[in-house]
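The analysis underlying the following values was restricted to heavy atoms, covering all of them including side chains, and did not include hydrogens, waters or symmetry mates.
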Amino acid sequence: MLNGRESLIRLVGKRRRFLPNRGSLLSTPISDEKCNLVESKVDGFKARENEEYVWVTCPVCGGRFRSEDDVMNSHLDACLSRRTKRKMTQRTLLNFNFTSQSLLPSSFCEIENNLVDDNDSSFCKIPLNRQTGLQGTLDGSNEELVDVDLSICRVGPSSLPLENEVTNCDVPMNVDAVTGVTLATFIVGRKFSCEKDLNTGEKICLLRDPNNAKDPNAIKVLSADSRCCKELGFLPRELAQFLSPMIDMYTLTFEGYVTSIPKHSFGAVPIQIVCCKVMAFDQKDSGGIEAFRFLWKNVIRVVESKNSYSPSTIRYQQNFCLLIEEVFKTNHHLFSNDDKSFMESFFSLPDDSQRLFVRLYTRKGPWFRMSSLSYPEILNFEQAIKELFEKGYACYFENSNGIQSNDIKEILDMLTLSELREIVSMIKSCTRGTRKQDLVASLFSCYEAGVCPFLCDAILKRTGSCVKISSKAESVVWRAERLFFLNGQQDLSAFLLVDLGIVKFPAYKCTITEPIFSSRSDLLAYEEAIEVAQVMDESLDKRNSESVLKCIEIANSRIPSFTPKASHSAPYELRPTFFSCFSATWVYSKVIFLGVSFLECERRYNEAVDLLKKLLDCFPCDGRRGNWILRLSIDLEHLGRQNESLSVAEEGLLDQWVRAGSRMALQRRVLRLGKPPRRWKVPSFANLVKRKIKEVHIKGRPLNSEAGLKSLFCGEDDKLCGVEQLALQYYAREGGWIGVHTESGIWLTIFALLMWDIIFSDVHNVFFNRFQTAPLDLETDNFYSARKSLIESHLQKIHDGMAEELIILSWEIHLGTACRGVNWDRHSLTELRAAVSCIGGPCLALLCRNLAQDYGSWSSGMPDLLLWRFHGEHGGEAKLVEVKGPRDHLSEQQRAWLLLLMDCGFNAEVFKVRTS
């Protein structure tokens, strides 16, 4: 895979169905003649078209590519990273539960991580005024802010609120005022109940279900009329979140009755419940009243908010509306008046139209046959589609006149292979083929040439009426998703993963004082840059070199207008540095560097050198400078400009942003190129770089010797094994070592568990939603500088021998919670305890400090094996081993890690297996 391709794929994320600027971007001429690469004589892909290759079909995306090992591996990596064939089921939104939560001080609750509720965004500080949004905080106004706690909380006796922490509200202080209060709510989860028949007026009671696997706050609704107390369902999770602690702590009891029966047997059943008994407050400590008032206030709020929706509202429909409302409320300055009016009209649509839109948006599409759409909750499809069409949310055709010429190719993709063959057989001049994409391309070419005027009628005859989401609706909703998740990899399916308990996100506080996008123009420029990145990625898949070069030109021409030197005003410079990754210029730099890799593969080093120099000029403070400088020095050497290559490497070593493996590589280049007569003086770092790393050599019995394949050996038990397992067997036999093959995995897991409270501490503008597994600044210098005092005091505890205790505590509290770098399944607590115990506090503290100061540079390249052995009951030692097979060599990043570990006091060595 090209250097920088994987990073670009992560940046683009899920590809958009419609790129509004694609046509204008690819057709607009580039004014700067210096960056015109398309007209170059050398065309990478076309130059090799006449060579003889065996072509194979990708099992993931169905595309065709050459059957060379490197080409196949790169293509498969790209497809799997992008999840090309990933399909969303129609249950994607059925379990969403995104509702605005309120107001719990962080010291007031103990987070229960067994399940993360879908309502929250983890403590987001947002203005209460809808009209001003975040602008009030930027203007320095005194607009009231509230802490929105979006995590599942359980208030225990030991976690009572401090004075004045509970927001003032009209909640009665008297227990008697609560007794007898009627709450109108619903019975949900009817599909899990064995009792299907209900009667209006049927009496009910509530029972806590703390052992519920999906929700420890669950409250069952039982039939009080039945002697065996048949289970009817559950209270809504949003209400149970606050009502369950009250039942547990204050012995509340509730009775009620069914007020009406829904049309569908599994529908939400309206009920009314009455509080019958509350334990007296004098049986609790002094904080009991405040805790009770807080919980009861939120119970009332949830009940009122739920009653604002019709009982007929489907859950995914309701939560989609709430998601859109939340994004438009907090980012109102990023949407035009037309966008706001457009989305406001969505809420005036009938239920059927809203549900159909959400269903279609979550499907792959873009076109769907109306005859294939069938959802039990949508009663009138035709009327729903017409209403969506009238409001501009959908496009559809019922006859051939409604088919637009620019939609033909997308509609052809909707046809099956047999249908395409039928149409092709009707056209004599149409090229036959066996693959679907070939038939689509052939038919589309005939249509453009005017050879097939009856194509629209032939399509309509086979598909019938078809519908798709309009490009405007797709763009607005895509923008809302991007603003909410702040990446392209997460989408609405994240809610489902949380609701099913598959993923748990950590608890943290979102304190937002500044928006990521300060203006609409910044957001539009960022979106356009993302489009260019997607076109670049698609062009590489299609091996369209002309389009690739066009994307490089576009990115190259856009960067000057966004250069920090040219456009950063004083207020802009005060913005957090880690916000830069949400700028257009940062995205274009990704495109350019991937373009550099493409040009290097085509041996067009002059163009690559020009682009690298421009990147270095435009980004003076960037952690990627080390890689750019290294590539520039290498490309200059390819051009025969050794003196300039040496000068670039020497100047790069003076750059504070050149770190880790890049610095090691530049130092070794300087030593290699800087020999007499070019340089007579030996650099001061020569002895450090030339330090010998201990090596252990053994002879293995290889079972394969093919290039490009992983080396396999016959182990001591005569079983097939890799080189890492062979090394583990050797160390177990020779020194009694116990260990794991982990590479960076166990180290990042240990770092995250030891530093969990630091990673998720309260720092402004690093958490924006509850779906983050790390703060935005983790891989930047800001992470250490913003938490320096906390980190140093925590590292002192690790140095003093508390690492094992911290690991156990963190494991017990956060087990199963998603966190960057943590792999709960791969490493057991026993292994982690043994590792930190044998490594020792001083070495572990140095390692954690290094990762805290520069996680981005040092989070990869760690040794393959971590070994340990005990000496008696309390002593032990650890060893780190980098394993290399017969054809492997140390990378510069691995060499840098080994030397750093040796400096920190670790026992590190290289294990090499040879075949002769």
(message) Donor-acceptor pair, distance only, cut-off 3.5 Å: does the side chain of N782 make one with the backbone of D777?
(response) no
(request) With Y855 as reference, evaluate W747, F783, F751, F578 under the ring-ring contact (aromatic ring centres under 6.0 Å, His included) test and give the passing residue. (result) F751
(request) For residues L847 and L901, determine if any side-chain heavy atom of one lies less than 4.5 Å from a side-chain heavy atom of the other. (result) yes
(message) Looking only at the side chains, is there a donor atom on one of E531 and Y526 sitting less than 3.5 Å from an acceptor on the other?
(response) no
(request) Please check if the side chain of S589 supplies one atom and the backbone of W586 the other of a donor-acceptor pair under 3.5 Å. (result) yes
(message) Under a 3.5 Å distance rule, please check whether Q894 uses its side chain to pair with a backbone N or O of S891 as donor and acceptor.
(response) yes
(message) For a quick test of reading the model, state the closest non-hydrogen atom pair linking A835 to L866 and the distance between them.
(response) CB-CD2, 3.7 Å
(request) Decide, yes or no, whether a salt bridge links K590 with D537 under the criterion of side-chain N to carboxylate O below 4.0 Å. (result) no
(message) Go through it in stages, so that I can follow the logic: the residues are N765 and T511, the test is side chain to side chain donor-acceptor pair (under 3.5 Å), and I'd like the CA-CA distance, side-chain angles, deciding distance and then a yes or no.
(response) CA-CA 6 Å; N765 302 315; T511 307; over 6 Å; no
(request) Step by step, work out the salt bridge (Lys or Arg N to Asp or Glu O under 4.0 Å) result for D491 and R482. (result) CA-CA 8 Å; D491 53 27; R482 194 87 186 195; over 6 Å; no
(message) Counting C-beta onward and ignoring hydrogens, is there a side-chain heavy-atom pair between L630 and L666 closer than 4.5 Å?
(response) yes
(message) Angle between ring planes, F767 versus F760, binned at 30° and 60°: parallel, tilted or perpendicular?
(response) parallel
(message) Using ring pair (Phe, Tyr, Trp, His ring centres under 6.0 Å), reason through F768 and F485 one step at a time and then give a plain yes or no.
(response) CA-CA 8 Å; F768 278 78; F485 292 108; over 10 Å; no
(request) Keeping the roles fixed (side chain from S580, backbone from T577), state whether a donor-acceptor pair exists under 3.5 Å. (result) yes
(request) Would you check if L806 and H794 make a side-chain contact, meaning some heavy-atom pair closer than 4.5 Å? (result) yes
(message) I'd like to know if E792 pairs up with R849 as an ion pair, taking the criterion as any Lys NZ or Arg NE/NH1/NH2 lying under 4.0 Å from an Asp or Glu carboxylate oxygen.
(response) yes
(request) Scan for ring pair (Phe, Tyr, Trp, His ring centres under 6.0 Å) pairs involving residues 816-845, sequence neighbours excluded, and state none if there are none. (result) W811-W824
(request) Can you sort out the partners of D864 under side-chain hydrogen bond (donor to acceptor under 3.5 Å, both in side chains), two or more places apart, ordered by chain and number? (result) none
(message) Quick check for you: to the nearest 0.5 Å, what is the distance between L900 atom CG and M862 atom CE?
(response) 9.5 Å
(request) Take atom CZ of R820 as the centre, draw a 6.0 Å sphere, and report whether it contains more than 12 heavy atoms from other residues, nucleotides or ligands. (result) yes
(message) Can you confirm whether the side chains of R631 and S597 place a donor and an acceptor under 3.5 Å from each other?
(response) no
(message) I need the minimum non-hydrogen distance between I592 and A555, along with the two atoms involved.
(response) CG1-CB, 3.7 Å
(message) Run T749 and R826 through side chain to side chain donor-acceptor pair (under 3.5 Å) and show every step you take.
(response) CA-CA 10 Å; T749 297; R826 187 171 183 180; over 6 Å; no
(request) Answer yes or no: is there a donor N or O on one side and an acceptor on the other, between the side chain of S810 and the main chain of L753, under 3.5 Å? (result) yes
(request) Give the minimum heavy-atom separation between G652 and I629, together with the two atoms involved. (result) CA-CD1, 3.8 Å
(request) For W478 and E527, run side chain to side chain contact (heavy atoms under 4.5 Å, CB included): C-alpha distance rounded to whole Å, both residues' side-chain angles, the deciding distance at 0.1 Å, then the answer. (result) CA-CA 10 Å; W478 178 88; E527 289 184 0; 3.7 Å; yes
(message) Just by distance, no angles: are the side chains of S583 and D522 close enough, under 3.5 Å, to form a donor-acceptor pair?
(response) no
(request) Using a strict cut-off of less than 4.0 Å between a Lys/Arg side-chain nitrogen and an Asp/Glu carboxylate oxygen, indicate whether E6 and R10 qualify as a salt bridge. (result) yes
(request) I would like to know whether L492 and L323 meet side chain to side chain contact (heavy atoms under 4.5 Å, CB included); could you show each step before the answer? (result) CA-CA 10 Å; L492 292 172; L323 174 60; 3.1 Å; yes
(message) What's the separation between atom CH2 in W756 and atom SG in C819, rounded to the nearest 0.5 Å?
(response) 4.5 Å
(message) Is it the case that the side chain of E831 and the backbone of V740 share a donor-acceptor pair, with hydrogens and angles ignored and the cut-off at 3.5 Å?
(response) no
(request) Determine whether L867 and V881 make a side-chain contact, defined as any pair of heavy atoms from C-beta on separated by less than 4.5 Å. (result) yes
(message) Using 0.5 Å steps for rounding, measure from the CG atom of L795 to the CG atom of L754.
(response) 9.5 Å
(request) Would you mind reporting whether N627 and N3 have side-chain heavy atoms less than 4.5 Å apart? (result) yes
(request) Search all heavy atoms of A786 against all heavy atoms of V763 and return the closest pair with its distance. (result) CB-CG1, 4.2 Å
(request) Applying side chain to side chain contact (heavy atoms under 4.5 Å, CB included), run through I530 and Q534 and close with a yes or a no. (result) CA-CA 6 Å; I530 293 292; Q534 179 172 328; 5.5 Å; no
(request) Taking only Lys NZ, Arg NE, NH1 and NH2, and the carboxylate oxygens of Asp or Glu, determine whether E882 and K884 approach each other closer than 4.0 Å. (result) yes
(message) Is it the case that the side chain of Q772 and the backbone of V766 share a donor-acceptor pair, with hydrogens and angles ignored and the cut-off at 3.5 Å?
(response) yes
(request) Enter the distance from L486:CG to C581:SG here, rounded to the nearest 0.5 Å. (result) 8.5 Å
(request) Please test F619 against W628 for ring pair (Phe, Tyr, Trp, His ring centres under 6.0 Å), starting from the C-alpha separation and ending with a verdict. (result) CA-CA 11 Å; F619 297 89; W628 296 344; 5.7 Å; yes
(message) Using a 6.0 Å distance limit plus a 45 degree cone around the ring axis, check whether R625 lies over the aromatic ring of W657.
(response) no
(request) Report the distance from atom CD1 of I758 to atom CZ of R787, rounding to the nearest 0.5 Å. (result) 8.5 Å
(message) Donor-acceptor pair, distance only, cut-off 3.5 Å: does the side chain of E724 make one with the backbone of V883?
(response) no
(request) Drop me the distance from L809's CG to H814's NE2, to the nearest 0.5 angstrom. (result) 7.0 Å
(request) Check whether any side-chain N or O of W897 sits under 3.5 Å from a backbone N or O of E892 as a donor-acceptor pair, and report yes or no. (result) no
(request) Dump the intermediate steps for side chain to side chain contact (heavy atoms under 4.5 Å, CB included) on I324 and E326, then the final yes or no. (result) CA-CA 5 Å; I324 297 297; E326 185 69 20; over 6 Å; no
(request) Name the orientation class of the two ring planes belonging to F771 and F505 (parallel below 30°, tilted from 30 to 60°, perpendicular beyond 60°). (result) perpendicular
(message) So does V658 get a backbone contact from the side chain of R663, meaning a donor-acceptor N/O pair under 3.5 Å?
(response) yes
(message) Within the structure provided, determine whether H799 and L844 are in side-chain contact (heavy-atom separation under 4.5 Å).
(response) no
